[in-house]
Every structure is written in C-alpha cells, then in structure tokens.
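In listed order, ligands and their atoms are each counted from 1. Heavy atoms only: backbone and side chains are in, while hydrogens, waters and symmetry mates are out. Model, not experiment: these values are computed from the prediction.
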Amino acid sequence: MIICPKCKLKLNKVNNAYKCSNNHNYDIAKSGYLNLLLSRLNAGDTKEMLVARDCFLKQGFYLPIVKEVASRLPDNHPLVVDCGCGTGYYTDHLAQMIPGEYIGVDISKIAIDFAAKKNKNVLYLVASNHSLPLADSSSDVLLNIFAPYSDSEFARILTKKGKLIIVSANNNHLQELKTLIYDTPHTNTDKLYFLPSFKLISEDILEYKLLLTQNDLINLFKMTPYYYKTKPSDFEKLLVVDHLEVTASFFIREYQKQN
Ligand SMILES: C[S@@+](CC[C@H](N)C(=O)[O-])C[C@H]1O[C@@H](n2cnc3c(N)ncnc32)[C@H](O)[C@@H]1O
Ligand SMILES: [Zn+2]
C-alpha cells in the first residue's frame with residue numbers, strides 16, 4: 001500500500017492521479033510513474049550514467065544476479081519493493097519471472113521515467129529510500145541492489161516475516177579494470193552495512209568472469225562513480241584496449257527483522 005508523503009495516509013488511485021483523504025494529489029506521469037518526492041531536487045544518477053548502465057545491463061552481463069535473487073523470492077505472490085531500482089533492470093526481470101506485485105523506487109526522476117516506459121506491470125515511484133511512501137509492515141521482500149539503504153525505513157515497511165535482499169560488490173569486483181586504469185588501484189573493502197534492526201540470514205558470493213569489449217568497458221566504467229573521479233589521462237587507458245577479461249564478484253545477503 002502506498003502512502004501520501006505529506007500526511008502518511010493511504011493513497012488511492014482516482015483516474016490519472018493518486019489522492020489521500022486529505023486531498024493531497026499526485027498526478028501519474030505520461031510514462032506511468034508517480035512522483036512522491038517532496039523536494040524538487042534532481043538527485044541520483046545522471047542521464048549519461050543511466051544510458052551506460054542500460055546498454056551494459058541489456059547484454060545480460062549481470063543476469064546471474066537476477067537468477068540468484070529470483071531463487072530467493074517466495075512463491076506466494078509477494079509484494080516486492082526494489083529500493084534504488086535505477087532503470088528497473090532487476091525489477092522488470094524479476095516481475096516477469098516470479099509472480100507478485102512489484103514496486104520500483106528511485107530518487108532519480110530520469111531513471112524512473114526510463115523504467116516506467118519499459119514496463120507497465122511495475123509501479124515505479126520517485127522517492128527516497130530514506131523516506132519510503134509505503135505503509136508500515138506492507139512489503140514482503142525488499143531488494144537493495146548497489147543502492148543506498150536505510151535501516152529504519154526498511155524495518156518499518158517490511159512485514160514481520162519479510163526479507164531484505166542486499167546485493168553489493170565484493171572486494172575483487174572489476175579488479176582487472178581498476179588495475180588497467182589506476183597506477184595504484186585500491187581494493188574495495190567490503191561495505192559494512194549498519195542494520196541494527198535486522199539479522200543476517202545468509203551470505204553468499206556470486207563470482208564469474210566476463211569477457212568485455214572496449215565499448216562494454218566504457219559503459220561499465222561510466223555506470224560507476226569512478227568515472228567522475230578519474231583523470232582523463234587515466235580514462236584514456238581504456239581506449240587502447242580491445243578486450244579485457246574481468247572478474248564480476250558480488251555479495252548476496254539476506255536479512256530478516258529482529259524480533
Ligand atoms: C548504482 S545505481 C543501481 C541501480 C539499480 N539497482 C541497478 O543495479 O541497476 C544506484 C541507484 O540508487 C539511486 N539512489 C541514490 N540515492 C537514493 C536514495 N536516497 N533513495 C533511492 N534511490 C537512490 C540512484 O539514482 C541510482 O539509480
Ligand atoms: Zn496526504
């Protein structure tokens with residue numbers, strides 16, 4: 001159930017809008033998404049990052065993540081909320097694989113517009129993971145795939161028996177790409193999640209090799225925050241590479257709420 005970001009009452013669909021009983025009104029955009037972000041700030045990934053991510057993901061390089069996550073979804077028609085869904089790659093695929101109700105949330109309006117144009121069976125919302133427009137204990141599964149998270153908001157909207165699935169990069173993820181570009185590549189240290197409201201149920205590593213062309217490498221690089229922090233002279237090192245084999249390595253962690 002989605003709620004009004006202003007007064008937190010239930011939102012009901014009335015023609016081309018959603019309204020609460022205090023008459024706060026949110027029009028459905030032409031592409032089908034709903035903007036429930038109160039600030040007008042243009043936050044999140046840029047258009048260039050989104051296009052790069054879409055081109056890269058479309059080739060199926062991260063399909064193993066989709067399969068891993070799909071195998072962890074319950075089969076009782078769950079409400080699944082993808083928190084920080086970006087262009088909706090995982091949300092769309094999972095919605096086609098496992099029956100349920102799917103909501104994708106992202107703070108970037110351009111990402112959500114992009115996602116909403118592709119899939120009309122998922123409800124896409126512009127909102128922040130730090131203030132989710134969903135009712136308390138309303139969601140059976142939360143997905144958080146390479147995106148910011150919130151312990152308190154995730155715990156609030158998840159049902160008692162619900163699960164939170166977090167996918168993040170492992171230390172050696174894309175190590176060969178970093179070695180190519182940086183003189184002293186730093187190894188990612190595994191991001192420590194601060195989730196006091198949750199207990200860890202399982203932790204798995206998904207690791208495989210990818211053989212990437214120069215174009216794939218450029219897209220991959222552009223979809224990461226590294227792109228904006230890298231000197232042009234370092235980025236240009238990519239332009240002399242024809243192919244590169246890189247390690248893809250991810251953590252897949254499942255959590256449940258503490259009692
Ligand atoms: C690295 S991308 C991952 C997107 C998607 N899960 C994927 O893997 O394709 C991170 C996403 O988090 C979004 N984001 C950043 N801050 C956010 C917030 N506070 N709430 C929701 N989404 C946020 C960005 O707009 C971006 O789409
Ligand atoms: Zn309201």
Exercise. F250 vs F146 aromatic rings, parallel, tilted or perpendicular, using cut-offs 30° and 60°?
Worked result: tilted

Exercise. Just distances here: any N/O of I145 and N/O of ligand 1 closer than 3.5 Å?
Worked result: yes

Problem set entry | Proximal ligand 1 atoms for A147, defined as those under 4.0 Å from one of its heavy atoms | 12 (O)

For this session: Only heavy atoms count here, so choose which of K109, M223, R53, E153 is nearest to atom 1 (C) of ligand 1.
Result: R53

Exercise. Quick one: does K120's side chain have a donor or acceptor within less than 3.5 Å of a partner on A116's backbone?
Worked result: yes

For this session: Check the surroundings of atom NZ in K199: do more than 12 heavy atoms from other residues, nucleotides or ligands lie under 6.0 Å from it?
Result: yes

Exercise. Taking the non-hydrogen atoms of F146, is any one of them nearer than 4.0 angstrom to ligand 1?
Worked result: yes

Exercise. Does D106 have a non-hydrogen atom less than 4.0 Å from ligand 1?
Worked result: yes

Exercise. Which ligand 1 atoms are under 4.0 Å away from a heavy-atom of S108?
Worked result: 25 (O)

Problem set entry | S128, any N or O under 3.5 Å of ligand 1 N or O | yes

Seminar exercise, completed: Residue pairs passing the salt bridge (Lys or Arg N to Asp or Glu O under 4.0 Å) test with at least one member in residues 150-168, sequence neighbours excluded, are D136-R156, E153-R156, K163-E254

Exercise. Does any N or O atom in N129 lie less than 3.5 angstrom from one in ligand 1, N or O only?
Worked result: yes

For this session: Compare every heavy atom of N35 with every heavy atom of L37, then report the nearest pair and how far apart it is.
Result: N-OD1, 3.0 Å

For this session: Sequence neighbours left out, what pairs pass salt bridge (Lys or Arg N to Asp or Glu O under 4.0 Å) with at least one residue falling in residues 15-25?
Result: none

Problem set entry | the Zn ion (ligand 2) - number of protein N/O/S atoms closer than 2.8 Å | 4

Problem set entry | S71 side chain to E68 backbone, donor-acceptor under 3.5 Å | yes

Problem set entry | Contact check, D82 vs ligand 1, heavy-atom distance below 4.0 Å | no

For this session: Apply side-chain contact (heavy atoms from CB on, under 4.5 Å) to the pair L158 and F198, showing each step before the final yes or no.
Result: CA-CA 11 Å; L158 200 59; F198 290 87; 3.7 Å; yes

Problem set entry | Pair K109 + D113, salt bridge at N-O below 4.0 Å | no

For this session: Check whether any N or O atom of G84, backbone or side chain, sits under 3.5 Å from an N or O atom of ligand 1, and answer yes or no.
Result: yes

Exercise. Would the number of heavy atoms belonging to other residues, nucleotides or ligands and lying under 6.0 Å from CG of N16 be above 12?
Worked result: no

For this session: Identify which of A115, G86, P148, C85 has a heavy atom lying nearest to atom 12 (O) of ligand 1.
Result: P148

Exercise. At a non-hydrogen distance cut-off of under 4.0 Å, which region of L50 contacts ligand 1 (side chain, backbone, both, or neither)?
Worked result: neither

Problem set entry | Under the ring pair (Phe, Tyr, Trp, His ring centres under 6.0 Å) test, residues paired with F56 that sit two or more places apart | F61, Y62

Problem set entry | Heteroatom distance test (Y90, ligand 1): nitrogen or oxygen, under 3.5 angstrom | no

Problem set entry | Residue that, paired with L164, satisfies side chain to side chain contact (heavy atoms under 4.5 Å, CB included) out of L142, L200, V81 | L142

Exercise. Mind checking whether E207 and T247 have side chains closer than 4.5 Å, heavy atoms only?
Worked result: yes

Exercise. For ligand 1, which atoms have a heavy atom of L57 less than 4.0 angstrom away?
Worked result: 9 (O)

